[in-house]
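Numbering starts at 1 and runs along the sequence shown. Order of appearance sets the numbers: ligands from 1, and atoms from 1 within every ligand.
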Amino acid sequence: MPKIKIIGKDLPNIPWEERPSGESGIVWRYSKNPITKRNQTENSARIFNSGVIEWEGGFVGIFRSDSKHGTPYLLMGKSADGIAWDIDDEPIKWTDEDGNDYQPSCPYDPRLLRIDDVCYICWCTDFQGPAIGIGKTTDFKTFTRLDNATLPFNRNGVLFPRKVNGLYQLLNRPSDNGQTPFGDIFLSQSPDLVFWGKHRKVMASGINWWQATKIGAGPEPIETSEGWLLFYHGVVSTCSGFVYSFGAAILDIDEPSKVLYRTKDYLLTPEQPYETTGFVPNVCFPCANLYDAKTGRIAIYYGCADTYVGLAFTEVDTVVNYIKEHSQLGYIDQMMIR
Ligand code: BMA
């Protein structure tokens, strides 16, 4: 039994592999990474930054697929073990709440989570520039797209798995229309997933080199007895372009715009060939996590080099204690900015 409690379901069948002997990382990679192939479906050139949840005893995923002409699509997949995936070749079809056709243009980087009995998908959508799109489903057969949650330009939107203080909580990252050489994490709140306000700043980039250029939220935050555990990506600009690593933070349970701790060092950085070589080299981009309340095991799904999906593992006691003991907050993180 972990000492730090995860508030969530017991999911004994999430993907898991013990930390290999000789491995000292707080987060360790699955030995058979990557878990998706380069041309996994007929029309996909690459499948990577993707969302996953437990569903009816197995798992469902909403996958980012870049087509061979370049446009990204969202594909649905199913898996019994969370590792071997059967992914549709046809994109998800969306309707609005009245049943009218309502397809997103250029959807990518989906996050998938459940609030009560409804599953939500947040993605980056084209709204005359990147913005946060939101949709929902209760059966993974019909998908309802809601109004976009933000104006352009914004990326890396993810909801919390429950309301806090009666409001839905959406992490997001104001951006630009291109490759964005800046970016901090903000929080927006809503009573109904339609009207968003009470915007708060959560965390800034810039404090350590690996997260100097920009940061962005990863998977849905995990509720623990120590606060919300959030994996997030951090980017540094180098002579050869951006390098995407990931770290983690603990946010206050009742006031999630307040950062309690965040890792000074990255937890995972591109080192393996499938992370350093691909369509966009040097990218580790976490988009999903599965967690088992009973054992404290956490499986993290991350995009590798914009080409594959990889899996990494950690345990709640290990990672939360590490974050607390190796934390460095920036000046801005400690200020309440409205
Ligand atoms: C970001 C997003 C991600 C991608 C990353 C690295 O701006 O577009 O989908 O993984 O760049 O290319």
A.B. asks: So, is Tyr244 polar-close to ligand 1, with some N/O to N/O distance under 3.5 Å?
C.D. replies: yes
A.B. asks: Can you report which non-hydrogen protein atom sits closest to atom 3 (C) of ligand 1, along with the distance?
C.D. replies: Asp109 OD2, 3.2 Å
A.B. asks: Purely on distance, is any nitrogen or oxygen of Asn49 under 3.5 Å from one on ligand 1?
C.D. replies: yes
A.B. asks: Inspect the contact between Asp184 and Lys201 and indicate whether a charged nitrogen and a carboxylate oxygen are less than 4.0 angstrom apart.
C.D. replies: yes
A.B. asks: Nearest protein heavy-atom contact for atom 8 (O) of ligand 1: which residue, which atom, what distance?
C.D. replies: Tyr108 CE1, 3.7 Å
A.B. asks: Taking the non-hydrogen atoms of Arg64, is any one of them nearer than 4.0 angstrom to ligand 1?
C.D. replies: yes
A.B. asks: Taking atom CD of Glu42 as the centre, does the number of heavy atoms from other residues, nucleotides or ligands within less than 6.0 Å exceed 12?
C.D. replies: no
A.B. asks: Would you compute the distance between atom CH2 of Trp85 and atom CE of Met76 and round it to the nearest 0.5 angstrom?
C.D. replies: 9.0 Å
A.B. asks: Taking atom CD as the centre, does Glu23 end up with more than 12 heavy-atom neighbours from other residues, nucleotides or ligands that are less than 6.0 angstrom away?
C.D. replies: yes
A.B. asks: Ignoring hydrogens and geometry, is there a side-chain-to-backbone donor-acceptor pair from Asp317 to Ile4 under 3.5 Å?
C.D. replies: yes
A.B. asks: May I ask you to identify the nearest protein heavy atom to atom 12 (O) of ligand 1, giving residue, atom name and distance to one decimal place in Å?
C.D. replies: Asp306 OD2, 2.6 Å
